[in-house]
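Position 1 is the first residue of the sequence, and the numbers go up from there.
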Amino acid sequence: MRKLKNSELDRLSVDAFKNKEKTPLIIVLDNIRSLNNIGSVFRTSDAFLIEKIYLCGITAIPPHKDIHKTALGSTDTVDWEYVKDTLALVEKLKTKNVKVCSIEQAENATMLNDFLPQPNTKYALVFGNEVKGVSQDVVNASNSVIEIPQFGTKHSLNISVSCGVVVWDVFSKLSEIIK
């Protein structure tokens with residue numbers, strides 16, 4: 001088996017990406033401290049044609065060299081916006097019929113493997129601070145909470161890893177619905 005060269009990957013241009021139909025997913029970053037995590041979320045969002053990223057609270061915004069280091073140019077492709085107050089954003093999204101799902105460990109959370117996205121529904125996935133997680137007021141305001149099942153001793157994943165796992169899972173399930 002031969003590895004493919006970059007020139008064989010049929011990558012979209014920035015313009016083609018901007019014009020391509022997007023996955024009905026929005027990413028909300030609630031007070032993310034690590035610039036590298038932010039850049040990684042941009043890169044994951046590019047890979048799965050995410051509609052938009054909201055950077056909230058203390059979450060840094062592009063351009064920044066440490067975001068760029070891991071984003072590898074995806075800050076130019078994925079639409080993003082800074083919003084100071086995550087809770088206000090969640091309330092606004094809900095008025096637009098976006099289903100807001102906090103990614104958190106919480107009572108009565110739906111395990112990711114049991115989460116079934118509904119057809120013709122746009123979702124916002126909220127990822128929280130590396131230490132404190134998604135703020136409790138945002139969890140309370142969310143339509144639901146999704147938890148990533150974990151079986152080791154730590155019960156904690158890096159936020160960029162969590163984003164990759166959840167986005168891939170939801171993207172896969174949405175792709176099945178659309179078929």
Checklist entry - Can you name the residues that form a ring pair (Phe, Tyr, Trp, His ring centres under 6.0 Å) with Tyr54, not counting sequence neighbours? => result none

Next on the checklist: If the test is salt bridge (charged side-chain N to carboxylate O under 4.0 Å, His left out), which one of Lys22, Lys18, Lys52 qualifies with Asp79?
Outcome noted: Lys18

Item to check | Enclosure of Lys173 NZ (heavy-atom neighbours >12, cutoff 6.0 Å) | outcome: yes

Checklist entry - Which atom pair, heavy atoms only, marks the closest approach of Ile27 to Ser45? => result CG1-OG, 3.8 Å

Checklist entry - Would Asp137 and Ser135 count as having a side-chain donor-acceptor pair, cut-off 3.5 Å? => result yes

Next on the checklist: How close do Val139 and Val134 get, counting heavy atoms only, and between which atoms?
Outcome noted: CG2-CG1, 3.8 Å

Checklist entry - Taking atom NE2 of His64 and atom CG of Asn36, what is their separation to the nearest 0.5 Å? => result 10.0 Å

Checklist entry - Partners of Lys69 by side-chain hydrogen bond (donor to acceptor under 3.5 Å, both in side chains), sequence neighbours excluded? => result none

Item to check | Rounded distance [0.5 Å steps], OG1 in Thr59 versus CD1 in Ile67 | outcome: 9.0 Å

Next on the checklist: Can a donor-acceptor pair be found, under 3.5 Å and without considering hydrogens, that links the side chain of Asn129 to the backbone of Asn31?
Outcome noted: yes

Checklist entry - Can you tell me if Asp66 uses its side chain to pair, donor with acceptor, with the backbone of Leu35 under 3.5 Å? => result no

Checklist entry - Should Glu81 and Leu55 be marked as a side chain to side chain contact (heavy atoms under 4.5 Å, CB included) after you check the CA-CA gap, both sets of side-chain angles, and the distance that decides it? => result CA-CA 6 Å; Glu81 181 179 339; Leu55 307 168; over 6 Å; no

Next on the checklist: Between Phe42 and Leu89, is there shared hydrophobic-cluster membership here, with clusters defined by ILVMFWY side-chain heavy atoms closer than 4.5 Å?
Outcome noted: no

Checklist entry - Of the non-hydrogen atoms in Val167 and Ile50, which two are nearest, and what is the gap between them? => result CG1-CD1, 3.9 Å

Checklist entry - Taking ILVMFWY side chains as joined if any heavy atoms are under 4.5 angstrom apart, and letting links pass through other members, which residues group with Leu9? => result Leu4

Item to check | Nearest non-hydrogen partners of Gly128 and Ile32, listed with the distance | outcome: O-CD1, 3.0 Å

Next on the checklist: Checking Lys96 against Lys92 for the side chain to side chain contact (heavy atoms under 4.5 Å, CB included) test, could you report, in this order, the C-alpha distance in whole Å, the side-chain angles of both residues, the deciding distance, and whether it holds?
Outcome noted: CA-CA 7 Å; Lys96 295 180 177 186; Lys92 180 179 176 184; 3.7 Å; yes

Checklist outcome for this item: Glu91 meets the side-chain hydrogen bond (donor to acceptor under 3.5 Å, both in side chains) criterion, sequence neighbours left out, with none

Checklist entry - Checking Ser34 side chain against Asn37 main chain: does a donor-acceptor pair fall under 3.5 Å? => result yes

Checklist entry - Under the 3.5 angstrom rule, does the side chain of Thr44 hit a backbone N or O of Val41 as a donor-acceptor pair? => result no

Checklist entry - Is a side-chain N or O of Glu147 found less than 3.5 angstrom from the main chain of Ile103, in a donor-acceptor match? => result no

Next on the checklist: For residues 86-120, which residue pairs pass the ring pair (Phe, Tyr, Trp, His ring centres under 6.0 Å) check, not counting sequence neighbours?
Outcome noted: Phe115-Tyr123

Checklist entry - Are any side-chain N or O atoms of Asp114 and backbone N or O atoms of Thr110, one a donor and one an acceptor, separated by less than 3.5 Å? => result no

Checklist outcome for this item: side chain to side chain contact (heavy atoms under 4.5 Å, CB included) test vs Val145 passes for just one of Glu104, Gln105, Glu107, namely Glu104

Checklist entry - Above 12 or not: heavy atoms from other molecules or residues under 6.0 Å from CD of Glu8? => result yes

Item to check | Residues in side-chain hydrogen bond (donor to acceptor under 3.5 Å, both in side chains) contact with Lys122, at least two apart in sequence or another chain | outcome: Glu51

Checklist entry - Which pair of heavy atoms, one from Pro119 and one from Ile177, lies closest together, and at what distance? => result CB-CG2, 3.6 Å

Next on the checklist: On a heavy-atom basis, which atom in Thr70 and which in Ser40 lie closest, and how many Å separate them?
Outcome noted: OG1-N, 3.4 Å

Item to check | Side chain to side chain, Pro24 and Leu174, heavy atoms closer than 4.5 Å | outcome: yes

Next on the checklist: Students often mix this up, so state it plainly: with edges at 30° and 60°, are the rings of Phe48 and Phe171 parallel, tilted or perpendicular?
Outcome noted: tilted

Item to check | Any side-chain heavy-atom pair of Asn113 and Pro149 under 4.5 Å | outcome: yes

Checklist entry - Just checking, any donor-acceptor pair under 3.5 angstrom between side chains of Asn158 and Ser160? => result yes

